[in-house]
Amino acid sequence: MAILAVVTPIAALSYPIAIVLPKSDQDAVGIAKLSAFLSFTMAVLLTVILLLFRHTISDLLNLKDIAHFLLLIPAAMLFSAFYQILQQWLIRKKQFKVTAKAAIIQSISLNIAKVGIGCFHPVALVLIVLATVANLLHAFLLWLGIRKQPNSLPSKTYKEKSSHIKGIALKYQDFPLFRAPQVAINALSQSLPVLMLASFFGPASAGFYTLGKTVMGIPTTLIGKSVGDVFYPRLTEASHNQESLFRLILKATLALAAVGFFPYAAVVAFGPWLFSFIFGPEWVIAGEYARWMAVWLYFGFLNRPSVAAIATLSMQDAFLVYEIISILLRCAALYTGFVLFSDEVLAVLLFSSVGVVLNFSLVLYTLIKSRKINFE
């Protein structure tokens with residue numbers, strides 16, 4: 001899953017994110033076709049590489065136990081790209097009910113399958129295969145939703161008019177040049193604590209961190225992502241209509257700050273007790289991790305409008321620089337906690353502190369950028 005998270009942005013080179021941006025559906029269809037072609041090409045290329053060098057790669061990365069599962073990565077990457085294309089098209093059409101229903105059905109089906117099959121055949125293969133087909137199921141559900149909504153289907157007249165795909169690729173070249181590497185670097189930086197905790201302190205510490213991160217990430221997943229999906233097309237529309245982007249971003253950020261303050265503050269104040277009460281006394285350390293992660297994830301929660309505004313404000317290059325600085329600072333924080341002080345709680349605290357500074361800086365920079373655009 002960690003490998004998949006890093007390679008997925010390469011599948012369609014982040015072009016699907018641009019589907020929302022064009023004024024005309026003709027250009028959006030062109031981007032969707034380009035994304036599908038790129039994702040298929042990348043999947044074939046990665047399959048060839050893994051067939052030739054799978055064992056070399058597994059030996060180099062110490063992945064011998066899952067070497068024979070690596071061939072599933074191209075398929076999972078392709079399914080993820082198709083899911084992104086369909087999701088962004090529905091966001092463009094503001095069909096949020098369709099995306100919400102698909103997400104709920106996919107989540108319920110996937111978790112029932114995990115528990116049900118796991119009761120009779122509890123092996124890693126079950127989880128790996130289900131993780132591979134998860135995005136395929138999600139993409140299929142989104143496609144069914146599009147078929148049931150006639151106003152969501154692209155016009156058939158676009159089939160002949162979308163031959164200018166090369167021009168579209170050049171017009172939105174900042175996505176493969178800046179956004180794709182940014183997303184990959186971000187995925188890598190998010191995986192660092194788990195990998196380093198497991199390496200320095202064993203799998204138990206990594207498990208405590210993972211539980212804390214999973215629980216604290218629920219508001220971002222349920223509310224923050226939904227706000228971002230709705231806000232992105234609204235911001236694009238406002239840009240086309242020359243409305244004040246600064247006011248939209250500021251209002252959305254302040255609204256999220258108010259909504260998330262008390263839940264996150266409660267975890268900061270009572271994190272260890274809450275985790276011990278809900279999950280059992282053996283998980284109190286996860287609550288200690290969550291206490292410090294709550295501050296970082298709170299700022300990550302309220303920066304969703306800023307992240308959604310990056311493409312509209314043409315900040316792809318700046319966002320890549322931000323991500324490079326981010327991973328360097330996070331590595332330094334983890335190195336200080338793990339290596340210099342041999343203290344996993346301190347490492348999580350420093351990692352979270354860096355996250356607070358980075359997220360606040362991103363929000364501030366986005367607001368300044370949007371204000372300058374409005375003045376211009």
Side-chain angles (χ1 to χ4, degrees), residues 5-46 49 74 77-78 80-93 154 158-189 228-229 231-240 242 245 249 305-327 362 365-366 368-370 372-373 376:
V6 176
V7 300
T8 294
I10 305 172
L13 302 180
S14 290
Y15 270 116
I17 303 174
I19 291 174
V20 179
L21 294 178
K23 287 185 178 181
S24 69
D25 280 356
Q26 177 184 348
D27 287 349
V29 170
I31 297 173
K33 289 183 177 181
L34 173 64
S35 300
F37 173 77
L38 285 172
S39 60
F40 182 79
T41 304
M42 290 293 185
V44 172
L45 180 61
L46 184 57
I49 292 173
M77 187 174 73
L78 182 65
S80 177
F82 288 161
Y83 155 68
Q84 291 177 38
I85 293 168
L86 294 169
Q87 182 192 47
Q88 292 299 321
W89 179 263
L90 284 166
I91 290 174
R92 175 181 178 83
K93 292 297 183 178
Y158 296 142
K159 289 184 178 180
E160 297 180 358
K161 295 181 180 180
S162 58
S163 58
H164 59 298
I165 291 180
K166 183 177 179 181
I168 293 174
L170 293 174
K171 181 178 180 180
Y172 296 97
Q173 62 182 329
D174 52 334
F175 284 87
L177 291 177
F178 302 117
R179 192 63 177 267
Q182 175 272 315
V183 177
I185 292 172
N186 180 266
L188 179 61
S189 68
D229 289 346
F231 190 69
Y232 183 24
R234 173 67 185 94
L235 198 69
T236 303
E237 181 183 334
S239 177
H240 292 160
Q242 296 184 332
L245 303 183
I249 297 171
S306 297
V307 173
I310 287 169
T312 306
L313 296 175
S314 299
M315 290 170 49
Q316 315 277 28
D317 51 349
F319 200 29
L320 176 58
V321 173
Y322 163 87
E323 210 62 70
I324 293 172
I325 295 173
S326 170
I327 195 170
L362 178 62
Y365 180 77
T366 305
I368 293 172
K369 180 76 172 179
S370 63
K372 286 182 179 179
I373 288 178
E376 291 171 0

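Side chains included, hydrogens not; waters and symmetry mates left out as well; all remaining heavy atoms used. Quick caveat: nothing in here was measured; it's all calculated off a predicted structure. One is the number of the first residue; the rest follow in order along the sequence.
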Chemist: Would you list the atom pairs, donor with acceptor, under 3.5 Å between side chains in residues 81-88 and any protein atom, with sequence neighbours excluded?
Modeler:
from: Y83; atom 1: OH; to: Q87; atom 2: NE2; distance (Å): 3.0
from: Q84; atom 1: NE2; to: S80; atom 2: OG; distance (Å): 3.4

Chemist: Assign the ring pair F175 / Y172 to parallel, tilted or perpendicular, where the plane angle (0 to 90°) is split at 30° and 60°.
Modeler: tilted
Chemist: CD1 of I310 to OH of Y365: how many Å apart, nearest 0.5 Å?
Modeler: 10.5 Å
Chemist: Does the side chain of L235 reach to within under 4.5 Å of the side chain of I249, using non-hydrogen atoms?
Modeler: yes
Chemist: Does F178 have any ring-ring contact (aromatic ring centres under 6.0 Å, His included) partners at least two apart in sequence or in another chain, and if so, which?
Modeler: none
Chemist: Please enumerate all residues that pass ring-ring contact (aromatic ring centres under 6.0 Å, His included) together with Y232, with sequence neighbours excluded.
Modeler: none
Chemist: Report the distance from atom CZ of R234 to atom OG1 of T312, rounding to the nearest 0.5 Å.
Modeler: 11.0 Å
Chemist: When the side chains of residues 14-23 are checked against the rest of the protein, which donor-acceptor pairs come out under 3.5 Å, sequence neighbours left out?
Modeler:
from: S14; atom 1: OG; to: A180; atom 2: N; distance (Å): 3.4
from: Y15; atom 1: OH; to: A169; atom 2: O; distance (Å): 2.7

Chemist: Could you give the distance from OG1 (T236) to CG (L245), rounded to the nearest 0.5 Å?
Modeler: 9.0 Å
Chemist: S239: which residues meet the side chain to side chain donor-acceptor pair (under 3.5 Å) condition with it, sequence neighbours left out?
Modeler: none
Chemist: Specify the closest pair of heavy atoms between D174 and Q316, including all atoms of both residues, with the distance to one decimal.
Modeler: OD2-CG, 3.1 Å
Chemist: Calculate, to the nearest 0.5 Å, the distance between atoms CD1 and CG belonging to I10 and L45 respectively.
Modeler: 10.5 Å
Chemist: Of all the heavy-atom pairs spanning M77 and V7, show the shortest one and how long it is.
Modeler: SD-O, 3.5 Å
Chemist: Please give me the minimum heavy-atom distance between A28 and R92, naming the atom from each residue.
Modeler: CB-NE, 3.6 Å
Chemist: Got a sec, which residues hit side-chain contact (heavy atoms from CB on, under 4.5 Å) with L177, two or more places apart in sequence or on another chain?
Modeler: Q173
Chemist: Drop me the distance from M315's CE to S306's OG, to the nearest 0.5 angstrom.
Modeler: 7.5 Å
Chemist: State, to 0.1 Å, how close I168 and G30 come at their nearest heavy-atom pair, and which atoms those are.
Modeler: CD1-CA, 3.9 Å
Chemist: Surrounding CZ of F40 (heavy atoms of other residues, nucleotides or ligands, distance under 6.0 Å), is the total greater than 12?
Modeler: no
Chemist: Measuring from atom CG of D317 to atom CG of L320, what distance do you get when rounded to the nearest 0.5 angstrom?
Modeler: 8.0 Å
Chemist: Specify the closest pair of heavy atoms between N186 and E323, including all atoms of both residues, with the distance to one decimal.
Modeler: ND2-OE2, 3.2 Å
Chemist: Could you go through the side-chain contact (heavy atoms from CB on, under 4.5 Å) check for V307 and L362 one step at a time?
Modeler: CA-CA 8 Å; V307 173; L362 178 62; 4.0 Å; yes
